[in-house]
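Heads up, the thing below is written out as structure tokens.
Whatever order the structure lists them in is the order used to number ligands and atoms, beginning at 1. Only this structure's heavy atoms are used, side chains among them; waters, hydrogens and symmetry mates stay out.
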Amino acid sequence: MIALTDLGAPDIDKGRDSFLWRNASGVFCPTFSSKETWEQLRTHSPQVPWADVVWFKEHVPRFSFITWLAILARLPTRDRLRRWGMNIPATCVLCSTRDESHEHLFFQCSFSSEIWVFLAAKFLPNPPDSLAAASSWILHHSLPMNAKVITILKLLLQSVVYHTWKERNLRIFTAVESTTSVTRLAVDRTMRNRLLSFPGSALNSPSLLQIYFSRLSFPM
Ligand SMILES: [Zn+2]
């Protein structure tokens with residue numbers, strides 16, 4: 001409105017009216033950019049340290065979504081449900097020895113920890129037992145590491161989180177149980193299926209699946 005007071009009255013001799021859009025640097029442009037507009041409207045926050053572990057090119061969207069919620073501690077775990085007033089048991093349905101919480105499920109629980117440590121240790125020694133520490137471990141390890149191995153570890157972390165949460169839900173809602181070995185094989189199958197869709201780029205460059213196979217000794 002202040003700008004309008006500085007403008008002269010419309011005059012046909014100065015040309016026809018036209019729409020202009022002001023971009024982030026204050027320059028008026030004839031084209032509208034939804035990206036530019038969104039960047040001006042949204043609140044910018046610093047990038048969280050685990051962002052690259054949750055969102056990356058080879059990710060599986062439903063795995064990333066569950067992992068994102070798990071890292072933010074926003075899954076409806078039993079400790080949260082009880083805090084909201086629900087009258088339900090507190091015990092973890094996977095191990096029956098501790099109360100269920102995000103910290104416990106990912107990965108202090110003997111069930112999920114066994115799967116995570118078994119598979120992740122094939123790529124890097126001493127996998128940590130918390131999501132935050134695991135993210136940092138993948139991104140900031142001290143060993144010289146192929147970028148493809150990092151991608152495999154990100155997918156593996158998400159796959160274990162997803163299958164742990166799925167198994168927890170199956171036990172609660174369907175009373176069907178899978179053993180640690182069966183769930184580990186499900187994680188392994190998921191990994192192979194996903195990695196299969198990324199072929200190697202050159203003759204001397206192994207594919208993600210070839211690297212995965214080279215690290216895992218069989219039988220599992
Ligand atoms: Zn447990």
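- Exactly one residue among His59, Lys57, Glu58 makes a side-chain contact (heavy atoms from CB on, under 4.5 Å) with Thr151. That residue is Glu58.
- Listed by chain and number, the protein atoms of type N/O/S under 2.8 Å from the Zn ion (ligand 1) are Cys92 SG, Cys95 SG, His104 NE2, Cys109 SG; waters are omitted.
- The aromatic rings of Phe65 and Trp68 are tilted relative to each other, their planes meeting at an angle between 30° and 60°.
- With a 6.0 Å cutoff to the six-membered ring centre and a 45° limit on the axis angle, Arg171 counts as a cation-pi contact of Phe111.
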Identify each donor-acceptor pair in which a side-chain atom of residues 152-159 lies under 3.5 Å from a protein atom, sequence neighbours left out, and give them as a table.
from   : atom 1 : to    : atom 2 : distance (Å)
Lys154 : NZ     : Asp52 : O      : 3.1
Gln158 : OE1    : Ser64 : N      : 3.2
Gln158 : OE1    : Ser64 : OG     : 3.0
Gln158 : NE2    : Val53 : O      : 2.9
Gln158 : NE2    : Val54 : O      : 2.9
Gln158 : NE2    : Ser64 : OG     : 3.4

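- Using the six-membered ring where Trp is involved, Trp116 and Phe107 have ring planes that are parallel, under 30° apart on the 30 and 60° scheme.
- In this structure a side-chain-to-backbone donor-acceptor pair under 3.5 Å is present from Arg80 to Leu75.
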